[in-house]
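Inspection log for the structure reproduced underneath, given as structure tokens.
Any value given below was found using the heavy atoms of this structure, including those in side chains, with hydrogens, waters and symmetry copies removed.
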Amino acid sequence: MPRRPLPRILSKDSAQIARMQIARSRELARTAADSATDVLHPLITVTRGLRLLAAAGRRRWADTPKDKRGPLLFLVASLILAVALLPYGPLLAVITVMATAAWQGRDRTPPAPEGPDESQTERLQILYEALVPYFSSPEDPAPLYTHGGEWEKAVPDYEFDDAGRVAHLVIRYPAYFPDGEHEARARIEQLLTAKAGRGREYRFAWDEEGNQLTVTVLPPLPADIPAQHFVTAPGETVLGFTDPSEIQRTLPLSYGEEQIDVPPVVWRTGIRSTEPHLLAMGHPGAGTSTLLRSIALQALQYGDVLIVDGGGTGEYACLTGRSGVLAVECALPGALPSLEWAAQETERRLIAINLARQAGDPPPADARRALWILVDRPSVFTHLAAADGRKDPQELLQVPLRHGRAANVTVVVGEQFDGAEALGDAVRQHTRARVVLGPATARQVEAVLGAPPHTTPLGQVPPGRGYARLGAGPVHRLQVPRTPDPYDDATSDADRQAVLELLPARTTPVETDASAPTDLTKRTVSAEAVAAEPS
């Protein structure tokens, strides 16, 4: 029998395993080299000293005039003869040379100064003085924080970066401080952010049992990772990338000409998902359309996609007529029948799956294939439908949102903060996976995610930067992969080519005859026929 080629995902996993083995081998080699250096340190020191003594002897010989080299050689020979004739002379000479070589070959690197320098001490004292009003009480007999007090007892651990700014702090505070109250914490975090340096993200870890606050400066997430194929299983979608300390899993990515491993935020969908639908919020230009476009490109690998663009800016024109893209609707007359078909398709799948289970058969293939409904800015269609006296498109999303998990239907909604009040109850209740992008305040992030961020939000962030929370899980920092509109003139050639390589093949021309039945209308007729069958 001819050999069958391995699947692509297996080859990628094999490459990842090989890279892990190479990294582990390098780590073992580095550890062995460090151990050998520690064992051979005395020999290395003596060898370095002998080399220095030999160099000094050569310089002495070169500096000696030629007419005096003969008497110098005679003097050296006399010393060698005298040492050789003395009892234990050669042994003492070897010991003396080795001791001299060890002294000359010692490590003369000046030790690092212990403790902070003058500028760092001034910074720590300013932080200490700023915390006195919050961490002191007149009734405290032995206050830890007093005006003009010593900061060493309150700040046991600290680090500074190369620019002299605070990079890490461990702050002790008295036990009577109400560290369980959100407002009290927020005041301290705001103060430390202002005193330690604005324009950076800080993580605050409150140890309520030990009465300690750990402040860590977070490095910025890479904002220039382009769109590409991710090594994921069916039902897994990469929303973006986060900090290495938050996620144990990493993905191999192409980063320019290098290969790097980055921890992803993976959203799992499907029948067994606890967060089957997603809501993304942000300000204009925050990157919500970029996130939806990235999700669409990943979803097209294993399913069909229906896109409803309320913005009407043509952000998804590159997906029109592509294989697996059922429709891209940018107007209300086309969005209403498309969403109505999506509701009927969800009901049809539920009926087909139920009939198959009653008969003891597996679900049909068309019911197992994932269906993605991507709705960008539905509040625009809500206002237009109310003005025209038509049905609200969000009402048509109730069936896919309520029963989509059982029917393998996933709904992704993207909205801006100014249209958040127009979101329906079904969207709010059934989108348990949440994303907030752009410069949002802590209150806005908490209102959307249901939990406050563990870092300080920034006022200026790159597009696609924000926070993500899957269900009741922790809040993660998020950076969406760079997935711009390839038809936009402002898109660079590299980004345009990266997105175009991910697009499926075009199956239908962009402009089709309106009288010709589309695949979407065929599916609608099929759904109505199945729904009309007696159970």
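- More than 12 heavy atoms of other residues, nucleotides or ligands shown are found within 6.0 angstrom of CD on Glu246.
- Between the CG atom in Leu253 and the CD1 atom in Ile225 there is a gap of 5.5 Å [rounded to 0.5 Å].
- Here Asp304 pairs with Arg369 in a salt bridge; the nearest charged N to carboxylate O distance falls below 4.0 Å.
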Donor-acceptor pairs are to be reported for all side-chain atoms of residues 212-223 against protein atoms at under 3.5 Å, with residues two or more places apart or in another chain.
none

inquiry  = salt bridge (charged side-chain N to carboxylate O under 4.0 Å, His left out) for Glu189 and Arg203? Distances and angles first, verdict last.
reply    = CA-CA 9 Å; Glu189 293 175 1; Arg203 176 186 284 119; over 6 Å; no

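- Side-chain contact between Glu329 and Ile307 is absent, with no heavy atoms from C-beta onward closer than 4.5 Å.
- Using a distance-only test at 3.5 Å, with no hydrogens or angles considered, no donor-acceptor pair links the side chain of Arg185 to the main chain of Glu181.
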Residues Asp179, Asp207; criterion side chain to side chain contact (heavy atoms under 4.5 Å, CB included); working and verdict = CA-CA 9 Å; Asp179 52 6; Asp207 183 8; over 6 Å; no

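- At a threshold of 4.5 Å between non-hydrogen side-chain atoms, the residues Thr193 and Phe204 count as touching.
- Within a 6.0 Å sphere centred on CZ of Arg428, heavy atoms belonging to other residues, nucleotides or ligands number more than 12.
- In this structure, the side chain of Glu236 engages the main chain of Ala233 through a donor-acceptor pair within 3.5 Å.
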request  = Start with the C-alpha gap between His430 and Gln398, add the side-chain angles, then the distance that decides, and say whether side-chain hydrogen bond (donor to acceptor under 3.5 Å, both in side chains) holds.
outcome  = CA-CA 9 Å; His430 297 282; Gln398 292 185 7; over 6 Å; no

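- Not counting sequence neighbours, the partners of His283 by the ring-ring contact (aromatic ring centres under 6.0 Å, His included) test are Phe417.
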task = Give the intermediate values and the outcome of side chain to side chain contact (heavy atoms under 4.5 Å, CB included) for residues Val412 and Leu292.
result = CA-CA 8 Å; Val412 180; Leu292 265 64; 4.0 Å; yes

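- The CZ atom of Arg357 sits 7.5 Å away from the CG atom of Asn354 when rounded to the nearest 0.5 Å.
- His476 NE2 to Leu470 CG: the interatomic distance, rounded to the nearest 0.5 Å, is 6.5 Å.
- Checked by atom type, the side-chain pair Ser379/Glu415 shows a donor-acceptor distance below 3.5 Å.
- The closest side-chain heavy-atom distance from Leu306 to Val325 is not below 4.5 Å.
- The closest side-chain heavy-atom distance from Pro284 to Gln416 is below 4.5 Å.
- Once rounded to the nearest 0.5 Å, the distance linking CZ of Phe230 with CG of Leu502 reads 8.0 Å.
- Between the side chain of Arg432 and the backbone N or O of Thr274, at least one donor-acceptor pair lies under 3.5 Å.
- In plain terms, the two heavy atoms of Gly285 and Pro463 that are nearest each other are O-CB, 4.0 Å.
- Side chain of Arg377 to backbone of Gly414: no donor-acceptor contact under 3.5 angstrom is found.
- Arg496 has no carboxylate O lying under 4.0 Å from a charged side-chain N of Asp485, or vice versa, which leaves the two without a salt bridge.
- Separating the CG atom in Asp388 from the CG atom in Leu332 is a distance of 6.5 Å, to the nearest 0.5 Å.
- At least one donor-acceptor pair closer than 3.5 Å links the side chain of Arg506 to the backbone N or O of Thr320.
- Remark: side-chain polar atoms of Arg434 are not paired, donor with acceptor, to backbone N or O of Leu279 under 3.5 angstrom.
- Going from atom OG1 of Thr455 over to atom CD of Glu201 covers 5.0 Å, rounded to the nearest 0.5 Å.
- Residues Leu374 and Tyr316 form no side-chain contact, since every pair of their non-hydrogen atoms from C-beta on lies 4.5 Å or further apart.
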inquiry  = Working note: Tyr158 + Val166, criterion side chain to side chain contact (heavy atoms under 4.5 Å, CB included); need CA distance, chi angles, decisive distance, verdict.
reply    = CA-CA 8 Å; Tyr158 54 86; Val166 174; over 6 Å; no

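- Counting heavy atoms from C-beta outward, Arg348 and Ile351 have side chains that stay 4.5 Å or more apart.
- Residues Leu127 and Leu192 have side chains in contact (heavy-atom distance under 4.5 Å, counting atoms from C-beta outward).
- By the 4.5 Å heavy-atom criterion applied to side chains, Pro276 and Arg268 are not counted as neighbours.
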task = Determine, step by step, whether Val435 and Leu449 satisfy the side chain to side chain contact (heavy atoms under 4.5 Å, CB included) criterion, reporting the C-alpha distance in whole Å, the side-chain angles of both residues, the deciding distance to 0.1 Å, and the verdict.
result = CA-CA 7 Å; Val435 174; Leu449 302 183; 5.9 Å; no

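- Residues Ser254 and Gln259 have side chains that bring a donor and an acceptor to within less than 3.5 angstrom of each other.
- One finds a salt bridge joining Arg349 and Glu345 here, because a Lys/Arg side-chain nitrogen approaches an Asp/Glu carboxylate oxygen to under 4.0 Å.
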key: Audit row: Tyr202, Arg200, side-chain hydrogen bond (donor to acceptor under 3.5 Å, both in side chains) steps and yes/no   = CA-CA 6 Å; Tyr202 297 88; Arg200 299 185 297 174; 2.9 Å; yes

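- Evaluation of the side-chain hydrogen bond (donor to acceptor under 3.5 Å, both in side chains) test over residues 285-299, restricted to residues two or more places apart or in two chains, returns Ser289-Asp376, Arg293-Glu315, Ser294-Gln298.
- Here the closest non-hydrogen pair linking Phe241 and Pro481 is CE1-CB, 3.9 Å.
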